[in-house]
Number of protein chains: 2
Amino acid sequence: MKEAEAEWLKTYEPRAYPPVGVTVDLVILTIRDKELHVLLIERGEPPFKGEWALPGGFVQPDEDLAEAAARELKEETGLKQTDLDRVYLDQLKTFGKPGRDPRPLRVFTVAYLAFAPQVPEPVAGTDAKNAAWMSLAATRNMKLAFDHAEILAEGVERARNKLEYSSLATSFVGPEFTISELRNVYEVVWGEQLHPGNFHRKVVSVDGYVEETGRTTERGGERGGPRARLYRWGGATQLHPALLRPSETT
Amino acid sequence: MKEAEAEWLKTYEPRAYPPVGVTVDLVILTIRDKELHVLLIERGEPPFKGEWALPGGFVQPDEDLAEAAARELKEETGLKQTDLDRVYLDQLKTFGKPGRDPRPLRVFTVAYLAFAPQVPEPVAGTDAKNAAWMSLAATRNMKLAFDHAEILAEGVERARNKLEYSSLATSFVGPEFTISELRNVYEVVWGEQLHPGNFHRKVVSVDGYVEETGRTTERGGERGGPRARLYRWGGATQLHPALLRPSETT
DNA sequence: CAAATAGTGTCTATAAGACAATATTTC
DNA sequence: GAAATATTGTCTTATAGACACTATTTG
């Protein structure tokens with residue numbers, strides 16, 4: 001049997017298969033000015049030259065999918081390693097409808113979803129391409145390249161669900177955060193107001209979600225209010241019990 | 001710009017890319033004799049000739065991924081269309097580690113997860129290949145082809161989670177079922193006993209999960225007990241509130 | 001001081017889980 | 001009749017959400 005496989009390998013002809021390509025595309029979400037934003041790239045090359053698209057590119061021959069996604073994340077966001085360590089990055093879904101890429105090569109794309117903390121820099125593009133954080137509201141009036149509008153919608157939907165059962169809301173804030181900042185993540189991603197008092201009690205009661213640092217913010221809120229206690233992530237990945245969306249419960 | 005893209009298309013050279021291939025592989029789960037089973041195929045061709053693998057194959061040029069998965073499901077299970085309509089089939093995850101396929105073609109596989117109702121036939125293979133429902137316990141002592149053991153584990157894990165928040169347990173039973181049969185699905189997939197009384201009340205209380213047919217089984221249980229009422233799926237896809245695994249709640 | 005916000009207290013409705021009870025049915 | 005099972009009842013505890021209250025801080 002070993003000989004049979006070796007024999008078969010010799011006669012194998014790669015070009016018998018119609019050519020296909022595999023890319024990774026990233027839905028990188030962050031929160032800026034109390035709005036959900038996504039990182040978009042203005043394409044410098046055809047196809048869709050000049051249009052906005054999700055960052056991404058071909059998977060290199062020696063790379064696993066997750067490696068390719070991590071590489072793209074690093075290249076496109078220009079985040080420092082310390083920040084990158086705290087970024088959530090996980091596979092979202094794969095898209096491969098014939099014709100989704102106009103090139104004479106059928107391209108499948110494995111979409112990844114990432115949650116980034118607030119980044120001060122407006123985003124550094126690696127090459128001549130233009131990169132920008134776009135608010136989700138803004139993207140709804142744009143036509144994105146390829147099927148990226150569909151991928152983006154899928155990513156946002158996944159993000160909304162992730163917040164319920166996981167502690168990933170902490171990926172959107174800094175290493176130390178107040179309960180209000182965490183609540184803001186939920187409110188922005190879910191697009192609904194939460195009850196501050198109940199949210200506060202809930203978060204601190206879920207085992208392992210957050211732990212106190214023992215310190216507080218330097219100042220109160222912009223328009224008044226006491227200083228808030230600072231928390232850090234408590235190590236739990238899954239929330240028990242979950243933090244369910246109010247609008248889904250009905 | 002239109003001219004620029006047309007120009008670029010002409011100069012484009014597909015063979016500049018190293019050759020890659022894309023397959024779909026299916027984790028098809030069903031319940032037989034109070035055990036979770038998966039459909040496996042004994043490979044008739046290299047690579048891994050003679051070893052057991054998940055059913056699957058190359059995505060055809062004109063096919064979308066979901067279409068390819070549905071085609072493979074139909075071909076490999078030999079299920080009738082009426083049964084196929086009730087099978088759950090959804091994308092699981094994509095795998096593409098370099099070297100996962102020994103051929104001189106890099107193969108990415110998009111794994112799909114399917115839940116099938118009890119099928120009387122032992123499974124009809126389309127060609128010379130041997131196909132069989134294997135219990136999960138049995139697969140743990142086997143070496144599966146490619147990285148299919150990893151894919152299978154991922155599928156089982158996803159199945160366990162799906163039961164909590166969705167009504168997909170009904171995909172494992174016939175169009176009409178008793179609460180006990182449904183409970184059996186949960187017990188087998190989760191691998192733990194559930195309280196019959198509490199489970200019963202819970203299931204009938206979740207809005208839209210099941211609805212009564214007004215009829216009962218013809219006979220009681222094998223070893224006694226009254227006839228059970230027959231239910232059908234009530235139309236809800238998400239469960240509110242969810243049916244959480246006892247062992248996860250602690 | 002007025003307004004805003006952090007954090008806590010309290011009460012109610014709902015849900016989960018333990019346990020028991022009753023009615024049917026099979027061998 | 002004995003054992004098994006479907007279904008319902010009851011009680012306790014945990015949780016979610018509504019609402020109110022106090023303390024602290026900013027302009």
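Throughout, a chain's letter reflects where its sequence line sits, starting with A, and its residues are numbered from 1.
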Give the table of side-chain donor-acceptor pairs shorter than 3.5 Å for residues 185-193 of chain B, with sequence neighbours excluded, one pair per line with atom names and distance.
unit_1, atom_1, unit_2, atom_2, d
Tyr186(B), OH, Leu163(B), O, 3.2
Tyr186(B), OH, Tyr209(B), OH, 2.6
Glu187(B), OE2, Leu194(B), N, 2.9
Trp190(B), NE1, Arg160(B), O, 3.0
Glu192(B), OE2, Ser247(B), OG, 2.8

side-chain contact (heavy atoms from CB on, under 4.5 Å) between Leu89(A) and Leu113(A), intermediate numbers included: CA-CA 6 Å; Leu89(A) 178 65; Leu113(A) 178 63; over 6 Å; no
Toward the 5' end of DNA chain D, by each residue's nearest nucleotide, Arg223(A) or Ser205(A): Ser205(A)
Phosphate OP1/OP2 of dT5(C) contacted by Arg229(A) side-chain N/O (<4.0 Å): no
Residue mapping more 5' on DNA chain D - nearest nucleotide basis, Pro241(A) or Asn198(B): Asn198(B)
Interatomic distance, Ile28(A) atom CD1 to Leu73(A) atom CG [nearest 0.5 angstrom]: 5.0 Å
Short side-chain N/O contact from His200(B) to OP1 or OP2 of dT7(D), under 4.0 Å: yes
Interatomic distance, Phe177(B) CZ vs dA6(D) C1' [rounded to whole Å]: 16 Å
Rounded distance (Å) that lies between atom P of dA15(C) and atom NZ of Lys202(B): 8 Å
Atom-pair distance (NE2 on His195(B); P on dT7(D)), nearest Å: 14 Å
Whole angstrom value for the distance that separates C1' of dA15(C) from CG of Leu244(A): 12 Å
Shortest side-chain distance from Ile179(B), nucleotide among dC19(C), dA6(C), dT7(D): dT7(D)
Pair of N/O donor and acceptor under 3.5 Å linking dG17(C) base with Arg201(B) side chain: no
Interatomic distance, His240(B) NE2 vs dA16(C) P [rounded to whole Å]: 13 Å
Pairs touching residues 221-237 of chain B that satisfy side-chain hydrogen bond (donor to acceptor under 3.5 Å, both in side chains), sequence neighbours left out: Ser167(B)-Trp233(B), Glu211(B)-Arg232(B)
Options dT7(D), dT25(C), dA6(C), nucleotide nearest the side-chain atoms of Pro226(B): dT25(C)
Arg183(B) side-chain N/O to dA6(D) phosphate OP1/OP2 under 4.0 Å: yes
Touch class at under 4.0 angstrom, heavy-atom based, for Gly220(B) against every strand present: sugar-phosphate
